[in-house]
Amino acid sequence: MTPNSSLLIRRARILLPNGEFLVGDVQICDGQIVKVAAEIVESGDREIDAKGLTLLPGVIDPQVHFREPGLEHKEDLFTASCACAQGGVTSFLEMPNTRPLTTTQAALDDKLSRAAEKCLVNYGFFIGATPENLPDLLTANPTPGIKVFMGSMHGQLLVDGEATLEAIFAAGDRLIAVHAEDQARINQRRQEFAGISDVAVHSQIQDNQAALLATQLALKLSNKYQRRLHILHLSTGDEAELLRQEKPTWVTAEVTPQHLLLNTSAYQKIGSLAQMNPPLREPRDNEILWQALLDGVIDFIATDHAPHTLAEKAQEYPNTPSGMPGVETSLPLMLTQAVEGRCTVAQVANWMSAAVAKAYKIPNKGVISPGFDADLVLVDLDNYRPVVREEMVTKCGWSPFEGWSLTGWPVVTVVGGKVVFENGKLDTNVRGEALRFDAEQA
């Protein structure tokens, strides 16, 4: 990607790689950062006066469901990437549960082709495990890793037998990312709670034990084969405490803003809009997850953006689908926590950018430094405004955080040196690039 012009961002409060801030300028040429300094005397073809704004690395969201192909009535790659740009998300890693499933090289190539045409931001796609596609899991390229649904799934993508899971962990060395819920436990609990239409029962059916059992099994297999494991959307204090005691150096974990900031009390307020997999937990779990994130037991943040239409969400439980959108609100949600003292802005940037790039071996992303790609977001940390449904650009058109007053909203988003979002307006002509994963073997 070669931008038509150089870009200079002036007088920004720049987050440096060491976590400190510098009020100064950033020079960008050919999509890369070339200079960061208190003052840059050269001029740019385009200049942005960022006085009063904070410049952060663009967010890398490592777990999203963007619904294309096959479920475009909920979301598609264009609308989702518009939502990313508006939310300061400059790169995403997308999951394989589309129609058709992303379980072959051909399906992966199809997604990459679609994204090249439609996506305003950078993109990568997981290959999905089934009980039958081990050869594809070893050779599919480029991909950040193998996605394994241990539970909360049906059809081909459900991989809940220990022997099948072991075969996947035993073969190759590619990163395995697991949705860790125990399907046998879920099936048993569904029978116990059958006939209950209160959506709050969702957190009891897919309870903490279902999550813990699956995470224990994934850790056991990871330890046996010393296999690179990533635990997606960690949701329980039980799992966090397990990892605190037993977390090999080759294991990472993530948490979503909703599992940090929402809990089972949300069902009373927003009903099925609070339904997701794994479910929201108790306030106690919120606290333990927060501490684990602060202590480094949990490595980074993902949204698990999984949109459904309001009509779908209006059905009666258990017919309501699980999932909620998140890419437009994740950064202001976390920056609001920083401004209010729960963490620091530098920690947020690490959890949402640098640590993700490191875990998935994405080169030249995640920090503001010469030689790195110019994927950046300017945010306003001085003003609060509410989450408004009508302002959401995700196709599903709602947010579980509607009405929340947040700060740190993106003002400008830059992808590959090109301004894709500025003061509420998107440039839908900008296109991102396919992400590289340096551990990949061609």
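In this chain, numbering begins with 1 at the start of the sequence shown.
Between the side chain of Arg228 and the backbone N or O of Ile176 there is no donor-acceptor pair closer than 3.5 Å.
Thr130 and Asn133 share a donor-acceptor pair across their side chains, judged by distance under 3.5 Å alone. Looking only at atom types and distance, the side chain of His179 has a donor-acceptor partner in the side chain of His233 under 3.5 Å away. No hydrogens or angles considered: a donor-acceptor pair under 3.5 Å links the side chains of Gln275 and Thr320. Side chains of Thr236 and Asp285: a donor-acceptor N/O pair is absent below 3.5 angstrom, by distance only. No side-chain N or O of Thr139 forms a donor-acceptor pair with one of Gln105 less than 3.5 Å apart. With 3.5 Å as the limit, one finds no donor-acceptor pair spanning the side chains of Asp373 and Asn364. Residues Asp304 and His65 have side chains that bring a donor and an acceptor to within less than 3.5 angstrom of each other. Side-chain N/O atoms of Thr102 and Lys147 include no donor and acceptor closer than 3.5 Å. No side-chain donor-acceptor contact under 3.5 Å links Glu181 and Asn277.
Note that CD of Glu47 is 5.0 Å distant from CG of Leu8, once rounded to the nearest 0.5 Å. Atom CG of Leu260 is separated from atom CD1 of Ile298 by 7.0 Å, given to the nearest 0.5 angstrom. Between the CD atom of Glu239 and the CG atom of Leu213 there is a distance of 10.0 Å, given to the nearest 0.5 Å. Atom OG in Ser330 sits 8.0 Å away from atom CD1 in Ile301 (nearest 0.5 Å).
Ring pair Phe300/His230: centre-to-centre distance below 6.0 Å.
Every residue meeting the side-chain contact (heavy atoms from CB on, under 4.5 Å) condition with Ile205, not counting sequence neighbours, appears here in chain and number order: Ile186, Arg189, Arg190, Phe193, Val201, Tyr317. With sequence neighbours excluded, no residue satisfies ring-ring contact (aromatic ring centres under 6.0 Å, His included) with Phe125. For Arg385, the side-chain contact (heavy atoms from CB on, under 4.5 Å) partners are Glu391, Trp409, not counting sequence neighbours. For Pro17, the side-chain contact (heavy atoms from CB on, under 4.5 Å) criterion is met by Val367, Ser369, not counting sequence neighbours. Residues passing the side-chain contact (heavy atoms from CB on, under 4.5 Å) test with Asp160, sequence neighbours excluded: Leu158, Gln183. Evaluation of the ring-ring contact (aromatic ring centres under 6.0 Å, His included) rule for His308 yields no partner, not counting sequence neighbours.
Across Val148 and Ala129, no two heavy atoms sit closer than the pair CG2-CB, 3.8 Å. Nearest approach of Ala140 to Ile127, heavy atoms of both residues: CB-CD1, 3.8 Å. Between Asn122 and Leu435, the shortest heavy-atom distance links the atoms CB-CD2, 3.7 Å. For the residue pair Leu294 and Cys343, the shortest heavy atom distance occurs at CD2-CB, 4.0 Å. Across all their heavy atoms, Pro410 and Leu331 have their closest contact at CG-CD2, 4.4 Å. Across Phe421 and Ala85, no two heavy atoms sit closer than the pair CB-O, 3.7 Å.
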Check: How far apart are the C-alpha atoms of Glu433 and Lys418, what are their side-chain angles, what is the distance that settles it, and do they pass the salt bridge (charged side-chain N to carboxylate O under 4.0 Å, His left out) test?
Finding: CA-CA 12 Å; Glu433 292 188 317; Lys418 292 186 279 193; over 6 Å; no
- Task: Check step by step if salt bridge (charged side-chain N to carboxylate O under 4.0 Å, His left out) holds for Lys111 and Asp109.
- Result: CA-CA 5 Å; Lys111 275 193 175 174; Asp109 289 343; over 6 Å; no
Derivation and outcome, side-chain contact (heavy atoms from CB on, under 4.5 Å), residues Asp136 and Thr103: CA-CA 7 Å; Asp136 297 275; Thr103 56; over 6 Å; no
Exercise for the section: Go through the steps to decide whether Arg389 and Glu402 satisfy the test salt bridge (charged side-chain N to carboxylate O under 4.0 Å, His left out), and finish with yes or no. Expected result: CA-CA 6 Å; Arg389 179 176 294 190; Glu402 186 174 1; 3.1 Å; yes
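Residue pairs meeting the salt bridge (Lys or Arg N to Asp or Glu O under 4.0 Å) criterion with at least one member in residues 310-337, sequence neighbours excluded: Lys74-Glu312. Among residue pairs with one or both ends in residues 71-120, those qualifying as ring-ring contact (aromatic ring centres under 6.0 Å, His included) are Phe66-Phe92; sequence neighbours excluded. Under the ring-ring contact (aromatic ring centres under 6.0 Å, His included) criterion, no residue pair touches residues 261-280, with sequence neighbours excluded. For residues 52-69, every residue pair satisfying the salt bridge (Lys or Arg N to Asp or Glu O under 4.0 Å) rule, not counting sequence neighbours, is listed here: Glu68-Arg114, Glu68-Lys118. Legend: salt bridge (Lys or Arg N to Asp or Glu O under 4.0 Å) pairs involving residues 13-29, not counting sequence neighbours, sorted by first then second residue: Arg10-Asp25. Residue pairs that meet the ring-ring contact (aromatic ring centres under 6.0 Å, His included) test with at least one member in residues 367-403, sequence neighbours left out, are Phe401-Trp404.
Under the 4.0 Å criterion applied to side-chain N and carboxylate O atoms, Arg227 and Asp173 are not assigned as salt-bridge partners. Using a 4.0 Å cut-off between a side-chain N of Lys or Arg and a carboxylate O of Asp or Glu, Arg244 and Asp295 qualify as a salt bridge.
Environment of CD in Gln268: sparse, with no more than 12 heavy atoms of neighbouring residues, nucleotides or ligands closer than 6.0 Å.
Each of His202, Arg281, Arg185 was evaluated against Asp207; a single residue qualifies, Arg185, per the side-chain hydrogen bond (donor to acceptor under 3.5 Å, both in side chains) test.
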